[in-house]
Amino acid sequence: MTEAMIRKKAGMASVKDMPLLQDGPPPGGFPPVRYARRISNTGPSAMAIFLAVSGAFAWGMYQVGQGNKIRRALKEEKYAARRAILPILQAEEDERFVSEWKKYLDYEADVMKYVPGWKVGENVYNSGRWMPPATGELRPDVW
Amino acid sequence: MSSAAVDATGNPIPTSAVLTASAKHIGLRCMPENVAFLKCKKNDPNPEKCLDKGRDVTRCVLGLLKDLHQKCQKEMDDYVGCMYYYTNEFDLCRKEQEAFEKVCPLK
């Protein structure tokens, strides 16, 4: 039904005379609302916080140093292993190189045998030091 | 690619896994030959001049590998297999390393 049928008052002349139906405060009003700040002054002091943070930092840096020590020991182990096996690898490579070099010198003597005044092999640099051959042809399987 | 580390006659092949597995033993027991070879090389890098010392090094190392393989075959094969699997990373093979060094100790 319409609101007038529900909320009617006896002797009402128009809808504008209906009793009011409003949402309002309870009788006596609402209780007061607190809006004041209440931040407590307890807890650690500034010096205490500073010491705690710097203590944590120092302990963390100490752990970093310990970890670096461990990592350095691991790296040293790896390098020591490499130093130990370097001579055998170099010795094997030297043997292979010398046999290949002899073959190369024989080939050079064969190719240049009709060139007058050609000294076979070793006509590279004048400094007297041994330099590895710079041609890259001695390992055709690699290149 | 065989990770078995021995050739047909039972000698260990000096692959990278075998050499890094026995690197500590090589560094300890073949040190005089290694140092002599390196000094010769530093003096003159010509390969033909240091061939004899190189042969000393090869003889020492291959003999040492054969000796280790004969004394502690299973542990060495396990360690070499682990090295091969983890590409010569010592830290990932500690268990096999300890077993190997217990049977073939570094003196």
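Lettering follows sequence order; numbering is per chain, from 1. Every value quoted in this text rests on a predicted model; they were computed, and no experiment measured them.
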Minimum heavy-atom separation for B/Ala17 and B/Val80, please, with both atom names.
CB-O, 3.8 Å

Evaluate the side-chain proximity of A/Ile85 to B/Ile26: yes if any heavy-atom separation is below 4.5 Å, no if none is.
yes

One thing to verify: whether B/Glu75 and B/Lys102 come together as a salt bridge, which I'm taking to mean a side-chain N less than 4.0 angstrom from a carboxylate O.
no

Just give me the residue among A/Ala80, A/Pro132, A/Ala91 that pairs up with chain B most often, heavy atom to heavy atom, under 4.5 Å.
A/Ala91

Among the options A/Arg129, A/Met131, A/Glu92, A/Gln90, pick out the one with the most heavy-atom pairs lying under 4.5 Å from chain B.
A/Gln90

Evaluate the side-chain proximity of B/Cys30 to B/Leu64: yes if any heavy-atom separation is below 4.5 Å, no if none is.
yes

Between chain A and each of B/Gly27, B/Pro45, B/Gly54, count heavy-atom pairs under 4.5 Å; write down the option with the most.
B/Pro45

Regarding B/Lys95 and the six-membered ring of B/Tyr79, is the cationic atom NZ or CZ under 6.0 Å from the ring centre and inside 45° of its axis?
no

Can you label the angle between the A/Tyr104 ring and the A/Tyr107 ring as parallel, tilted or perpendicular, going by 30° and 60°?
tilted

Residues at least two apart in sequence or cross-chain that pass salt bridge (charged side-chain N to carboxylate O under 4.0 Å, His left out) with A/Asp106, listed by chain then number, are none

Residues of residues 25-61 of chain A near chain B, each having a heavy atom less than 4.5 Å away
none

Looking only at heavy atoms and a cut-off of under 4.5 Å, which of B/Lys53, B/Lys49, B/Lys24, B/Glu89 has the most pairs with chain A?
B/Lys24

Just to be sure I understand the criterion: a residue of residues 65-79 of chain A counts if one of its heavy atoms is under 4.5 Å from a heavy atom of chain B. Which ones qualify?
A/Leu74, A/Glu77, A/Lys78

Engaged part of B/Leu38 at the chain A interface, taking heavy atoms whose separation is under 4.5 Å:
side chain

Select one option (side chain, backbone, both, neither) describing which atoms of A/Ala81 are under 4.5 Å from chain B's heavy atoms.
both

How long is the straight-line distance from CG of B/Leu106 back to CG of B/Leu28, given to the nearest 0.5 Å?
6.0 Å

Top contributor to chain A contacts, counting heavy-atom pairs under 4.5 Å, from B/Asp56, B/Leu51, B/Thr58, B/Asn88
B/Leu51

Presence of salt bridge, B/Asp67 and B/Arg29, under 4.0 angstrom:
yes

Of all pairs that satisfy ring pair (Phe, Tyr, Trp, His ring centres under 6.0 Å), the ones with a partner from residues 9-38 of chain B, not counting sequence neighbours
B/His25-B/Phe100

Does atom CE of B/Met31 have more than 12 heavy-atom neighbours, drawn from other residues, nucleotides or ligands, at distances under 6.0 Å?
no

Output yes when a side-chain donor or acceptor of B/Asn34 lies under 3.5 Å from a complementary backbone atom of A/Ala84, and no otherwise.
yes

Given a strict heavy-atom distance threshold of 4.5 Å, which part of B/Lys41 is in contact with chain A: side chain, backbone, both, or neither?
side chain

Going by an N to O cut-off under 4.0 Å, is there a salt bridge joining B/Lys74 and B/Asp77?
no

